[in-house]
Amino acid sequence: MAGLNVILLGPPGAGKGTQAERIKQDYNLVHISTGDMLREAVAAGTELGVKAKGFMDAGELVPDEVVIGIVVDRLRQPDTESGFLLDGFPRSLSQAHELDTALDAAGKQITMALAMIVPESELIKRLTGRRLCRDCQKPYHVVFSPPRQEGVCDQCGGEIFQRSDDSEETVQNRLEVYRTQTEPLIDYYRSRGVLTEIDGVGHPDEIYQRIRGSLSQ
Ligand code: AMP
C-alpha cells in the first residue's frame, strides 16, 4: 500500500523541523527538507550551494529553477514510494504547481498538507534563540530547550551552532517572504481539500499529539 504523502507548511520557526523528526520516525516517511539539502550544498561548496548561498543569507527564496529540480529528483527515488514528508517545499504557488505536475506524472497525490499556525511575536522569539547541531540537525533553543552541555549536542556530541539566517534582521525578511509568497498556499491546499491547520503553540510533545490526531483520521 502506498504511504502518506505529507506537506508540512508554516512560517520559519513554526517547528516544522522539530515535528518532522517525530513524524518521519513514527510513520516511516522519507523526510525531504529543501532547507537542509540547500545548507548541505552550501557547506560542501557545490555549484548548487554557490548559487543558493546569497539568497539564503538574505532570507530570500532560492530561485525555482534551482530548488524544483532537487525536489523532483528526490521524489523519483524509490524509497519515496512508501511515503514522504515535504518540509519547506513548496514555498510558492509556482512550486506547488510544479509539484502537482510531477506527482500527477508519477500517479501520486498529496494526502495531507499540515499548516502549523504560530503568531509572529512567538516566531521571532523562537528563531532568534534557535540553535542546531551541525552534524545531526537536532534543534535547540537557548532558553526553551538548551543542550545539557553548552555548545554540544545531547544526541550525537556534535557542535551546536546558530544558522546565519537566524539573525534578527534576516528573520524579519524571511517572515515577510513567508507572508507574501508562501502563505497563499494555505488557501491553495484548502481548496484542494487536503489542508489541516495545527495550532503550533505549546510544548512540542503536545503539538505532536495534535498532528498525530490529524494523521490518524
Ligand atoms: P528553511 O530551513 O526551510 O527555513 O530554509 C532556509 C532557506 O533555504 C530559506 O530561507 C530559503 O532561502 C531557502 N529555501 C528552502 N526551501 C526553499 C524553497 N522551497 N524555495 C526557495 N528557497 C528555499
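One-based numbering, in listed order, for ligands and for the atoms of each.
- Residue contacts with ligand 1: Gly88 is placed with a nitrogen or oxygen under 3.5 Å of a nitrogen or oxygen of the ligand (distance criterion only).
- Considering backbone and side-chain N/O of Asp36, none are found under 3.5 Å from N/O of ligand 1.
- Between the Thr170 side chain and the Asp165 main chain, no donor and acceptor come within less than 3.5 Å of each other.
- The number of heavy-atom neighbours closer than 6.0 Å to CD of Glu206, taken from other residues, nucleotides and ligands shown, is above 12.
- Looking at Val62 next to ligand 1, an N or O pair under 3.5 Å apart turns up.
- Here is the list of ligand 1 atoms found below 4.0 Å of a heavy atom in Val67: 18 (C), 19 (N), 20 (N), 21 (C).
- Side-chain atoms of Gln19 never come within 3.5 Å of backbone atoms of Gly15 as a donor-acceptor pair (strictly under, hydrogens ignored).
- No side-chain N or O of Tyr178 forms a donor-acceptor pair with one of Arg174 less than 3.5 Å apart.
- Nearest protein heavy-atom contact of atom 16 (N) of ligand 1 is Thr34 OG1, 2.8 Å.
- One option in Arg174, Gln181, Glu60, Arg91 has a heavy atom closer to atom 3 (O) of ligand 1 than any other, and that option is Arg91.
- Counting only N and O atoms by type, the side chains of Gln109 and Asn5 include no donor and acceptor under 3.5 Å apart.
- At the top of the distance list for atom 20 (N) of ligand 1, counting protein heavy atoms only, stands Gln95 NE2, 2.9 Å.
- The 12-atom threshold is exceeded at NZ of Lys108, counting heavy atoms of other residues, nucleotides or ligands nearer than 6.0 Å.
- Surrounding CD of Glu65 are more than 12 heavy atoms belonging to other residues, nucleotides or ligands, all under 6.0 Å away.
- Distances shorter than 4.0 angstrom occur between a heavy atom of Arg163 and an atom of ligand 1.
- Shortest contact from atom 8 (O) of ligand 1 to any protein heavy atom: Met56 CE, 3.5 Å.
- Protein heavy atom in closest approach to atom 14 (N) of ligand 1: Leu38 CD1, 3.5 Å.
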